[in-house]
Amino acid sequence: MIDRDERVLVSKASRGDEGAFEALVARYEKGLYNLAFRMVPDREDAMDIVQEVFLKVHQALPGFRGDSRFSTWVYRVCVNASLDFLRKKQKIQTYSLDEPLNFGESQVAKEVPGDGMSVEDLVENMSLGHRILSLIQELDPVYKTIIVLCDIQGHTYQEIADILDISVGTVKSRLHRARNMVRRLMSEEQFEEQFQPSYVKNDERGDLR
């Protein structure tokens, strides 16, 4: 019923029905904002990205042929807009995990054995959530996208594959590498904290919730 209702809204919006388009905006605005905010992350920048997404969608909607689901298309536009934003900034050093993508140095040695706990589980742990989200920001944008879509937003492998136009196997491979890197970064952080002078720990202590 939801898909049928959405198809009706998309059809009407593509013919210039602003009410139908506003209904689509209301349906996807929150999810797209959450995605953009986890990718950027800055509230004002995320809002700008979402506005840009809906502007592009509004302009392109008359030519939308329905080859993919509308939800897949609009999330793909948001991912691309977020990645474009990050490429323009290029201020934060990121970790590359897949050399063929040419985002930086990549070594298989960066992978570490999984402990059976997903990043989603770690994020849901209130005492670790803020730290994990901070570590995710250090990932290469391509892998940050995978982990945000899967472990934070809860998209299925197939949905992510459709959004990013890659195979399910590639989704699983990149997600595995991204999760391992988060665990690696977390281990390194814990190691550094363990050997920091006590006065540094006291000065930097704060509420992580």
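The shown structure was predicted, so the numbers you read here are calculated from the model rather than taken from an experiment.
- Taking both residues in full, the closest heavy atoms of A20 and A13 are given as CB-N, 3.8 Å, listed atom of the first, atom of the second, then distance.
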- Query: Can you list the steps and then say if Y28 with E6 is a side chain to side chain contact (heavy atoms under 4.5 Å, CB included)?
  - Reply: CA-CA 11 Å; Y28 287 100; E6 183 165 281; 2.5 Å; yes
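- Residue-environment remark: CZ (R76) exceeds the threshold of 12 foreign heavy atoms within 6.0 Å.
- In this structure, a donor-acceptor pair under 3.5 Å is absent between the side chains of S11 and R7.
- Note on R27 versus D5: salt bridge recorded, some NZ/NE/NH1/NH2 to OD/OE distance being below 4.0 Å.
- In this structure, the side-chain contact (heavy atoms from CB on, under 4.5 Å) partners of N34, at least two apart in sequence or on a different chain, are K30, Q153.
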- In sequence, state the C-alpha distance, the side-chain angles, and the governing distance for C150 and R179, and then conclude on side chain to side chain contact (heavy atoms under 4.5 Å, CB included). CA-CA 11 Å; C150 184; R179 285 171 172 171; 4.0 Å; yes
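- Taking each heavy atom of S82 and A36 in turn, the nearest pair found is OG-CA, 3.9 Å.
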Contacts table for residues 43-57: side-chain donor-acceptor under 3.5 angstrom, sequence neighbours left out:
unit_1	atom_1	unit_2	atom_2	d
R43	NH1	Y33	OH	3.4
E52	OE2	K56	NZ	2.9

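- Between C78 and L35, the closest heavy-atom pair is SG-CD2, 3.8 Å.
- No side-chain heavy atom of Y143 sits less than 4.5 Å from a side-chain heavy atom of V182.
- Side chains of N180 and R177: a donor-acceptor N/O pair is absent below 3.5 angstrom, by distance only.
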- Begin with the C-alpha distance, continue with both residues' side-chain angles, and end with the deciding distance and a verdict on side chain to side chain contact (heavy atoms under 4.5 Å, CB included) for I163 and H155. CA-CA 10 Å; I163 290 170; H155 291 279; 4.3 Å; yes
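- With L164 as reference, I146 is the one residue of T170, I146, T72, V142 to meet the side chain to side chain contact (heavy atoms under 4.5 Å, CB included) rule.
- The salt bridge (Lys or Arg N to Asp or Glu O under 4.0 Å) check on D84 picks up R87, with sequence neighbours excluded.
- A single hydrophobic cluster is not seen to contain both F64 and V8; linkage of ILVMFWY side chains at heavy-atom distances under 4.5 Å, directly or through other members, places them apart.
- For the pair M39 and V148, the tightest heavy-atom approach, listed with the atom from each and the gap, is SD-CG2, 4.5 Å.
- What you find for V79 and T145 is that their closest heavy atoms are CG1-CG2, 3.7 Å.
- In this structure the side chain of L185 reaches within 4.5 angstrom of the side chain of E138, judged on heavy atoms.
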- Query: Yes or no on side chain to side chain contact (heavy atoms under 4.5 Å, CB included) for I152 and I136, after CA distance, side-chain angles and deciding distance?
  - Reply: CA-CA 11 Å; I152 296 179; I136 289 174; 4.0 Å; yes
